[in-house]
Amino acid sequence: MNNQKLTIQQSITFGNLGKHLKGTISLYMFTLGSAILGFSVYLFLSTITLQETNYVSWTGEALFWGLIFFLISIFILFLPIEFSNTFYLLNDSFNDLVINIISTILTSLFFLIFFQIVIPSQILIFNEISIIARSVSFSGFIVIPISFFILNNLPARIKIFENYNFSTILFLWVISLQLFL
């Protein structure tokens with residue numbers, strides 16, 4: 001990073017942005033799928049315990065929605081595996097950092113608007129899914145760009161993060177979405 005020239009305009013191309021965007025969309029889908037999977041496990045656990053939940057009125061309904069959201073989360077988790085097949089983030093230079101931050105913000109903005117339009121908020125259980133999708137997007141706006149910046153400066157000192165950028169960002173995204181729930 002010492003004496004590094006900042007030639008941003010020469011290295012940002014649509015092909016380069018597309019490659020980073022595929023990795024960011026994969027991260028977003030893995031995070032969203034994990035959050036919905038956690039919500040379905042919560043619904044399954046509410047059928048076993050006798051505690052009252054505000055989301056469903058009886059145990060069969062909780063089991064039904066838990067199964068539906070479990071299948072939806074499995075589908076969302078398999079989307080990046082089948083279609084993008086990108087499990088690596090390039091974050092070696094300042095140009096990669098800028099592209100990763102831009103692609104994360106664009107992806108989060110797109111999915112925030114998409115889920116606000118598509119998911120109806122009149123039904124209480126869908127309102128919770130909308131809140132989960134919103135928290136994933138807000139985490140992508142705030143925490144993930146900061147994490148990219150920190151990870152861009154860390155590998156010079158700690159070599160283990162060099163090979164595990166994707167896993168580290170995914171872990172940070174899943175943990176940080178809990179702050180916005």
Side-chain angles (χ1 to χ4, degrees), residues 21-89 91 100-101 103-148 150-151 160-161 164-181:
L21 197 59
K22 282 174 68 174
T24 304
I25 290 173
S26 294
L27 279 171
Y28 190 92
M29 289 295 167
F30 283 137
T31 306
L32 181 66
S34 299
I36 294 174
L37 183 65
F39 185 62
S40 71
V41 168
Y42 172 75
L43 288 174
F44 283 136
L45 288 177
S46 71
T47 62
I48 297 170
T49 62
L50 297 176
Q51 71 180 23
E52 281 292 318
T53 62
N54 297 333
Y55 312 121
V56 292
S57 58
W58 58 289
T59 307
E61 185 181 8
L63 187 63
F64 171 75
W65 284 115
L67 181 64
I68 294 296
F69 289 134
F70 176 74
L71 294 174
I72 288 172
S73 68
I74 295 297
F75 177 74
I76 291 172
L77 287 170
F78 278 119
L79 281 175
I81 294 170
E82 291 297 323
F83 293 113
S84 74
N85 206 12
T86 304
F87 307 112
Y88 184 76
L89 283 175
N91 198 21
N100 282 332
I101 289 173
S103 66
T104 303
I105 290 173
L106 288 176
T107 302
S108 296
L109 180 65
F110 172 76
F111 282 114
L112 177 67
I113 293 169
F114 177 74
F115 287 128
Q116 291 303 313
I117 293 170
V118 170
I119 299 175
S121 61
Q122 292 83 14
I123 302 172
L124 190 61
I125 199 109
F126 286 137
N127 190 29
E128 293 301 314
I129 295 298
S130 177
I131 290 171
I132 289 171
R134 221 178 306 146
S135 68
V136 172
S137 294
F138 286 145
S139 177
F141 282 134
I142 298 168
V143 177
I144 301 307
I146 295 169
S147 302
F148 274 129
I150 291 171
L151 283 178
I160 194 167
F161 289 116
Y164 300 107
N165 278 338
F166 191 86
S167 302
T168 306
I169 293 293
L170 178 62
F171 176 75
L172 290 173
W173 206 333
V174 168
I175 294 299
S176 66
L177 81 88
Q178 301 300 318
L179 296 173
F180 295 100
L181 284 177

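Both backbone and side-chain heavy atoms feed into the values below; hydrogens, waters and symmetry mates do not. Computed from a prediction, not measured in an experiment: that's the story for all the values here.
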Looking at [atom1] of [X] and [atom2] of [Y], how far apart are the two atoms once the value is rounded to the nearest 0.5 Å?
X	Y	atom1	atom2	answer
Leu170	Ile175	CG	CD1	10.0 Å
Gln178	Ser139	CD	OG	9.5 Å
Leu106	Leu21	CG	CG	7.0 Å
Ser176	Ile144	OG	CD1	4.5 Å
Leu124	Ile129	CG	CD1	11.0 Å
Ile146	Leu172	CD1	CG	11.0 Å

How far apart are the closest heavy atoms of [X] and [Y], and which atoms are they?
X	Y	answer
Thr47	Leu63	CG2-N, 3.4 Å
Ser108	Gly140	OG-CA, 3.4 Å
Leu112	Phe141	CD2-CE1, 3.8 Å
Phe166	Gly23	CE1-O, 3.7 Å
Ala133	Leu32	CA-CD1, 4.0 Å
Gly66	Ser40	O-CB, 3.4 Å

So do [Y] and [X] actually touch side chain to side chain, heavy atoms under 4.5 Å?
X	Y	result
Phe44	Leu67	yes
Val143	Phe138	no
Pro80	Ile25	no
Leu77	Ser34	yes
Ile125	Leu43	yes
Gln116	Phe111	no
Phe115	Arg134	no

From CA spacing to verdict: side-chain contact (heavy atoms from CB on, under 4.5 Å), Ile142, Phe180: CA-CA 10 Å; Ile142 298 168; Phe180 295 100; 3.8 Å; yes
Check: Asn100 main-chain N/O paired with Ser103 side-chain donor or acceptor under 3.5 Å: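 Yes, Ser103 side chain to Asn100 backbone: donor-acceptor pair under 3.5 Å.
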Heavy-atom donor-acceptor pair, Ser130 side chain to Phe126 backbone, under 3.5 Å: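 No; judged by distance alone, with no hydrogens or angles, the pair does not exist.
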Parallel, tilted or perpendicular: rings of Trp65 and Phe69 (30°, 60°):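 Parallel: the ring planes of Phe69 and Trp65 meet at under 30°.
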Pair Thr107-Thr24, side-chain donor/acceptor within less than 3.5 Å: no
Pair Tyr28-Thr104, side-chain donor/acceptor within less than 3.5 Å: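 No, no side-chain donor-acceptor pair sits under 3.5 Å.
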Ring centres under 6.0 angstrom apart (Trp173, Phe30):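 Not close enough - the centres of the two rings lie 6.0 Å or further apart.
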Contacts of Ser26 that satisfy side-chain hydrogen bond (donor to acceptor under 3.5 Å, both in side chains) - sequence neighbours left out: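 Only Ser84 meet the side-chain hydrogen bond (donor to acceptor under 3.5 Å, both in side chains) criterion with Ser26.
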All side-chain hydrogen bond (donor to acceptor under 3.5 Å, both in side chains) counterparts of Glu61, not counting sequence neighbours: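 With neighbours one apart ignored, the set is Ser57.
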Other residues, nucleotides, ligands: >12 heavy atoms within 6.0 Å of Phe114 CZ: no
Partners passing ring pair (Phe, Tyr, Trp, His ring centres under 6.0 Å) against Phe148 (at least two apart in sequence or in another chain):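 Partners of Phe148 by the ring pair (Phe, Tyr, Trp, His ring centres under 6.0 Å) criterion come out as none, since no residue qualifies.
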